[in-house]
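So the structure is just underneath, and the comments pick up after that.
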Amino acid sequence: MRWLALWGTVLAVCFAAICASALYGTRQDAGQAARDASANLSLMVATNIERDVERIDISLQAVIDNLRRPDIQGLSDELRHLVLFDRIDYTRGLGAVLVLDAKGNILHNSSTPRGPALNLAQRDYFQALRNAPSHALYIAPPIRSELTGLWVIPVARRITQEDGSFGGLVVGSMQVAHMERLFAQLELGSAGSLKLLRSDGTIMARFPEASSQLGVRLQNVALFNQYPARSTGHFDGPGRLTGVPRLYAYHAVGALPLVVVVGLAQSDIYAAWHVKALIIGLIMAASLIATVVLVWLLRSELQRRMAAERAASRNERRYRLLAENSVDTIVMSGADGRVSYISPAIVDVLGWTPADIEGKRISEFVHKDHLMVLDDQDTDDSAPATLTFPARHRDGEWIWLEARVRRLSGDIDGASYISNVRDVSGRKKAEQALEAANARLQAMAATDALTNLANRRRFDETLDREWRRSIRDVTELALLLIDADHFKALNDYYGHLQGDVYLKSIAGIIQECIRRPGDMAARYGGEEFAVLLPRTSTDGALIIAEKIRHAVYEARIPHVKGTEGVMTVSIGVYSMSPADGQSAADLVKRADAALYAAKHAGRNRSCHFEGQALPETAAF
């Protein structure tokens, strides 16, 4: 019996090694989960900030476009103010928009037609845009606004005269407090942090809030060992203010000179693991002690029982007694599938008696669609196979069974296989319910909750797929971009809840106007919708666009702030056959340019892109 003690010791050591390996694996998993979570958080924040800057840029570009209108100079201050700033989107933390002349004096202020007379020529963004004839968007370090006293991030565009000279600039501001409120809603743990940095290391915004750190330029930070050479990545290091060790993930904000850095404290990452490690360690120690004690007790017990076990007779009656009283059904069958023995437990499972089944083939009771599963079984005596299949109940129903089949070492009374069979119908129903729930969740993830149209994510995936298909099949692909006219005025007058009702109505009309299975309608964002039309020419796309526009108009949805007194839409149309060197973004840009032309031509119309200049705001 010495081998038993040795075996127990080896078993205890192996068990300890397995537990240690499992603990190490769970620690690695916790670290990887934290890296994935921080990467996803940084990507999400970077995407939101990029969208916010894009909205601000659209507003600035709209002001520049309005400044170039020849009819604006003859208007009164109030009307000029309304025309200049009619397309500014304040919904994403945008502060006041200012128009500065070439000397830095404030000409126009979106907050009031007659603002204070200030000169901002010494501002960083004014000096940068005046001295560098760049047409790119300029994002300056955060400053405390002289107009509001709040911390803001200036975002400016240069105004270039027709002769190429500097004509001033249009500057908006991202409210730092708005961004920090958004950061505070994220799950960063008890000691996590989130920073928005400029590419030169300047702190633009951070959470937890620390206004004294805004505008401070960081140096000798591990981030810049990777960024900007790599737009995303991870690094470890202590917090600059607290010294707390953190795992950092960063993600560049699109093509902007900004980077989001998310830091999760190591103590938060491994807190749950430490508790689990302590519990498992205590359990492992108790188990090892119990194993040693049980091994010695078993050794003593085996010594006492060995003589009795040698004399015990293991005859057929004992085995049959066990089989007939087992909860599982015991089946013995030959190589041809004919049943030579089946235990009485089959009565409770399928309603058949052993006499009904013995002597018959298993295939007579198994659903025909699953006969291949039984025929393909190839198992040996050391590795039992597990098979799941429906079997016919005596009353005609189909019951799901699970069988563990083992090949016998030889032919025993005509039997080549022995199987343990049990009823798994309940488990199968649960699995099917889970699959159905997963299918519903996948459908919800691809649908816009308000309009029940496809959401932006599904639209992007479908656009990419149809673009590649059009390249492969050499066919045309058309896109309609639809915008609800005067929707901001509608929200201001009726309220956002009624605005949502109107969006649902427009979505329903759009869905009714497209009939082909391959056509897809999606909510593109805000009050914008997109319709993707594979294998559709320009003429066909215009027909669908006009059908949608007329249907919205004929629905006579009241809109007292609209030019027609009812809700109308403007539609941009473009169809193209993809070629080498082009991307799906080209299709979206041209449809967006056509929509831009429709809005400027008076709204409530469909316009096709015919080579007009692409506005800088047209983006994929």
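If you're wondering where the values come from, they're calculated on a predicted model, not measured in any experiment.
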Under 3.5 Å donor-acceptor, [X] side chain and [Y] backbone:
| X | Y | result |
| --- | --- | --- |
| N66 | A62 | yes |
| R465 | W467 | no |
| R158 | L129 | yes |
| H559 | H486 | yes |
| H234 | R35 | yes |
| S165 | D163 | no |
| Q582 | A579 | yes |
| T232 | Y250 | yes |
| R605 | A601 | yes |
| R523 | A454 | no |

[Y] versus [X], side-chain donor and acceptor atoms under 3.5 Å:
| X | Y | result |
| --- | --- | --- |
| D57 | Q61 | no |
| Y596 | D483 | no |
| N604 | R549 | yes |
| E546 | S606 | yes |

Where is the tightest heavy-atom contact between [X] and [Y], given as atom of each residue plus distance?
| X | Y | value |
| --- | --- | --- |
| A545 | V573 | CB-CG2, 3.7 Å |
| S575 | H608 | N-NE2, 4.4 Å |
| M204 | P142 | SD-CD, 3.5 Å |
| A96 | N109 | CB-OD1, 3.8 Å |

[atom1] of [X] to [atom2] of [Y]: how many Å apart, nearest 0.5 Å?
| X | Y | atom1 | atom2 | value |
| --- | --- | --- | --- | --- |
| I543 | L533 | CD1 | CG | 11.0 Å |
| T462 | R458 | OG1 | CZ | 5.5 Å |
| R246 | S193 | CZ | OG | 4.0 Å |
| S199 | L258 | OG | CG | 7.5 Å |
| R55 | E50 | CZ | CD | 12.5 Å |
| E528 | L595 | CD | CG | 6.0 Å |

Can you find a heavy atom in the side chain of [X] that is under 4.5 Å from one in the side chain of [Y]?
| X | Y | result |
| --- | --- | --- |
| S231 | H251 | no |
| F609 | L587 | no |
| V261 | L223 | yes |
| M576 | E476 | no |
| V262 | L188 | yes |
| K195 | V259 | no |
| V171 | V97 | no |
| D448 | N452 | no |

*Any cation-pi pair here, R157 with Y138, using under 6.0 Å and within 45°?*
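Relative to the ring axis of Y138, which defines the angle, R157 lies outside at least one limit.
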*Would R230 count as a cation-pi partner of Y227, with NZ or CZ less than 6.0 Å from the six-membered ring centre and within 45° of the ring normal?*
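No, a cation-pi geometry is absent between R230 and Y227.
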*Worked check of side-chain contact (heavy atoms from CB on, under 4.5 Å) between I557 and V566*: CA-CA 5 Å; I557 303 172; V566 295; 5.6 Å; no
*Verify side-chain contact (heavy atoms from CB on, under 4.5 Å) between M44 and L41, making sure each step is shown before the conclusion.*
CA-CA 5 Å; M44 180 187 69; L41 276 176; 3.9 Å; yes
*Does S42 have any side-chain hydrogen bond (donor to acceptor under 3.5 Å, both in side chains) partners at least two apart in sequence or in another chain, and if so, which?*
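side-chain hydrogen bond (donor to acceptor under 3.5 Å, both in side chains) check on S42 returns nothing, list empty.
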_Residue list, side-chain hydrogen bond (donor to acceptor under 3.5 Å, both in side chains) with S470, at least two apart or on another chain_ =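 Per chain and number, S470 pairs via side-chain hydrogen bond (donor to acceptor under 3.5 Å, both in side chains) with no residue.
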*Near-ring test Y248/F235, centroid separation under 6.0 angstrom*: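 Yes, close enough.
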Run the salt-bridge test on [X] and [Y] with the 4.0 Å N-O cut-off and return the result as yes or no.
| X | Y | result |
| --- | --- | --- |
| R457 | E461 | yes |
| K488 | D492 | yes |
| D101 | K103 | no |
| D485 | K599 | yes |

*Which residues pass the side chain to side chain contact (heavy atoms under 4.5 Å, CB included) test with N225, sequence neighbours left out?*
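Listed in chain order: A222.
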*Should we say atom CD of Q161 is surrounded by more than 12 heavy atoms from elsewhere, each under 6.0 Å from it?*
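Counting neighbours around CD of Q161, more than 12 heavy atoms of other residues, nucleotides or ligands fall under 6.0 Å, so yes.
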*With sequence neighbours left out, which residue pairs that include part of residues 117-128 fulfil the salt bridge (charged side-chain N to carboxylate O under 4.0 Å, His left out) condition?*
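Sorted pair list: R123-E146.
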*Do the rings of Y494 and Y502 sit parallel, tilted or perpendicular, given the 30° and 60° boundaries?*
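Judged by the thresholds at 30° and 60°, the geometry between Y494 and Y502 is tilted.
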*When you look at F459 and D464, which way does the side-chain contact (heavy atoms from CB on, under 4.5 Å) test go after all the steps?*
CA-CA 9 Å; F459 170 80; D464 179 68; over 6 Å; no
*Residues in ring pair (Phe, Tyr, Trp, His ring centres under 6.0 Å) with F126, at least two apart?*
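With neighbours one apart ignored, the set is F166.
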*asked:* Can you pull out every ring pair (Phe, Tyr, Trp, His ring centres under 6.0 Å) where at least one residue sits in residues 183-210? Sequence neighbours excluded, please.
replied: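 Qualifying pairs, neighbours excluded: none.
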*asked:* Applying side-chain contact (heavy atoms from CB on, under 4.5 Å) to I143 and V152, what does each step give before you reach the verdict?
replied: CA-CA 6 Å; I143 60 173; V152 296; 4.0 Å; yes
